[in-house]
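In what follows, chains are A, B, ... by sequence order, proteins preceding strands, each numbered from 1.
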Number of protein chains: 2
Amino acid sequence: MEQLLSNIKITVNKNLYLIDPTSSKLGSNIISHAVDLIDEMGFEKFTFKKLGIVIDSPEASIYRYFKNKNQLLLYLVSWYWGWMEYQLVFGIANMSSSELKLQKAVELITNYKNNKMSIDGISIDKLIRIVISESSKSYLTKDVNKANKLGSYQSYKKFVSRLAIIIKEINPGYKFPNMLLSTIIEGAHLQVFFADNLPSLTNVQKSNDYICRFYTNLALQSVKSN
Amino acid sequence: MEQLLSNIKITVNKNLYLIDPTSSKLGSNIISHAVDLIDEMGFEKFTFKKLGIVIDSPEASIYRYFKNKNQLLLYLVSWYWGWMEYQLVFGIANMSSSELKLQKAVELITNYKNNKMSIDGISIDKLIRIVISESSKSYLTKDVNKANKLGSYQSYKKFVSRLAIIIKEINPGYKFPNMLLSTIIEGAHLQVFFADNLPSLTNVQKSNDYICRFYTNLALQSVKSN
DNA sequence: CAAATATAATAGTATTACTATTAATTACGC
DNA sequence: GCGTAATTAATAGTAATACTATTATATTTG
């Protein structure tokens, strides 16, 4: 895996930045330290001012790369789904059984461990925590429709539709593949968050694989029924 | 139902306000117009300043009732779960079958129509939309733990634990009742939002009951397995 | 009716989320 | 290699947000 990494580059819709942050030192600084800061202080408390202090550049320079902090979040989340799709495609490349493919996908979605690596200066570990805690804020706004028209959720939708095809292979008559997938994806994020913060809303104890088991069962059961 | 309403009062944890908003005209004005405004402009754009203008009271007066807008959101969400619990208890009062009770609960969770009524000056219609779009923001913050210790999520947790008992009645060996329930509740909210805004992430068409059917199947299937 | 108490209004401040303008740097044609 | 254009960075703002401290006005009650 590490070998492959140096050769890939996750691309992100051009509407998610003003200047491609991978095109300059300042840009990649913005990204990597934004990940650090958002993870550390949460998206609400995160500001371009604070980021500017950390990277020792003025606030206004960051505004040249991203319209605002929402667009930056959108960029990070989109990057995440690009990275997930990459892993999915490689993970299921040599599988013939669609059922096993789906299983693999759920594993991928619910596996939050062993990601100590960095890609393009982005700490995967921290990015995953950001996706879990903050990604829903990227679409739960009054601007969703506008953002959607600009392709801001492309990567996420692509990931889901790729999996929907696999589900259709397992059971062509299954009526709710996308619904099932978004339920699993967002549900899995939630359970991690609840396990850490509101344990009475989940049955997960830390450091076991209940989440993976639960959603794998859910997926297979649902798809095969109906 | 309408008859009953005049006699009940949904109570909310005392830590969710500074002054009980139901105790004064100003207080109930704050609540009812906050619901209008948040529904209209979304939680991010909503401010106490704007609310003050609408109710023709200074911003500072609102701060006497609620520490900040997050606390106000917490109050509304908590009120919502109190109201949901009330409906649940009455809805399943005379049922003997736990399976039917669970079915009724999922119906309640996924039924977003026919709520043109107002209680305590709160438009149920609008409140439901707020819960769908904004409620996750009330816990997806760095302050969750603090808020949780103050009992801010009590009503939600109580609703979930009440249903967890029903699930245990159906299948005492089922290991993940809370996980299943939070998946269904948050998933159902999400599907409504996606149907309106990001339709390719769901399979819901407007004005059908796919959401109810999907999550009812999910619940019954999961609970009976394992 | 005066004192205590509760409530409301005024007038601030620090921070946030930007933007317009100016300064510095780099790229490029001749 | 030098001047001009284009890009990038830094400065210095502004309007709005999220509060808070203080003062004023009612209301209660002994």
> Under the ring pair (Phe, Tyr, Trp, His ring centres under 6.0 Å) criterion, do A:F214 and B:F176 qualify, and how do the steps go?
Replying inline: CA-CA 8 Å; A:F214 176 80; B:F176 313 114; 5.6 Å; yes
If you only use heavy atoms from C-beta on, which nucleotide in [options] is closest to the side chain of [X]?
{"X": "A:K69", "options": "C:dA8, D:dC19, C:dA17", "answer": "C:dA17"}
{"X": "A:R64", "options": "D:dT8, D:dT20, C:dT16", "answer": "D:dT8"}
{"X": "A:T47", "options": "D:dA10, C:dT16, D:dA18", "answer": "C:dT16"}
{"X": "B:A60", "options": "C:dA9, D:dA9, C:dA8", "answer": "C:dA9"}
{"X": "A:E59", "options": "C:dA8, C:dA17, D:dT11", "answer": "C:dA17"}
{"X": "A:L26", "options": "D:dA9, C:dA9, D:dC19", "answer": "D:dA9"}

Quick one: [X] [atom1] to [N] [atom2], roughly how many Å, whole number?
{"X": "A:I53", "N": "D:dA10", "atom1": "CD1", "atom2": "P", "value": "14 Å"}
{"X": "B:K45", "N": "C:dT16", "atom1": "NZ", "atom2": "C1'", "value": "15 Å"}
{"X": "A:L18", "N": "C:dA17", "atom1": "CG", "atom2": "C1'", "value": "15 Å"}
{"X": "A:Y65", "N": "C:dT19", "atom1": "OH", "atom2": "C1'", "value": "18 Å"}
{"X": "A:L72", "N": "C:dT16", "atom1": "CG", "atom2": "P", "value": "16 Å"}
{"X": "A:Y63", "N": "C:dA17", "atom1": "OH", "atom2": "P", "value": "6 Å"}
{"X": "A:L51", "N": "C:dC18", "atom1": "CG", "atom2": "P", "value": "14 Å"}
{"X": "B:M41", "N": "D:dT17", "atom1": "CE", "atom2": "C1'", "value": "13 Å"}

>> What I want to check is whether the side chains of A:Y65 and A:S24 have a donor and an acceptor closer together than 3.5 Å.
In response: yes
> Under 4.0 Å between a side-chain N or O of B:K50 and OP1 or OP2 of D:dT17?
Replying inline: yes
>> Strictly below 4.0 Å: does A:K49 bring a side-chain N or O up to OP1 or OP2 of C:dT15?
In response: no
> Run the ring pair (Phe, Tyr, Trp, His ring centres under 6.0 Å) check on B:F194 and A:Y139 step by step: do they pass?
Replying inline: CA-CA 9 Å; B:F194 283 166; A:Y139 55 77; 5.4 Å; yes
>> Could you report the tightest heavy-atom contact between A:N15 and A:L150, atom names first, then the distance?
In response: ND2-O, 2.7 Å
> Got a donor-acceptor contact below 3.5 angstrom from the B:N203 side chain to the A:M179 backbone?
Replying inline: yes
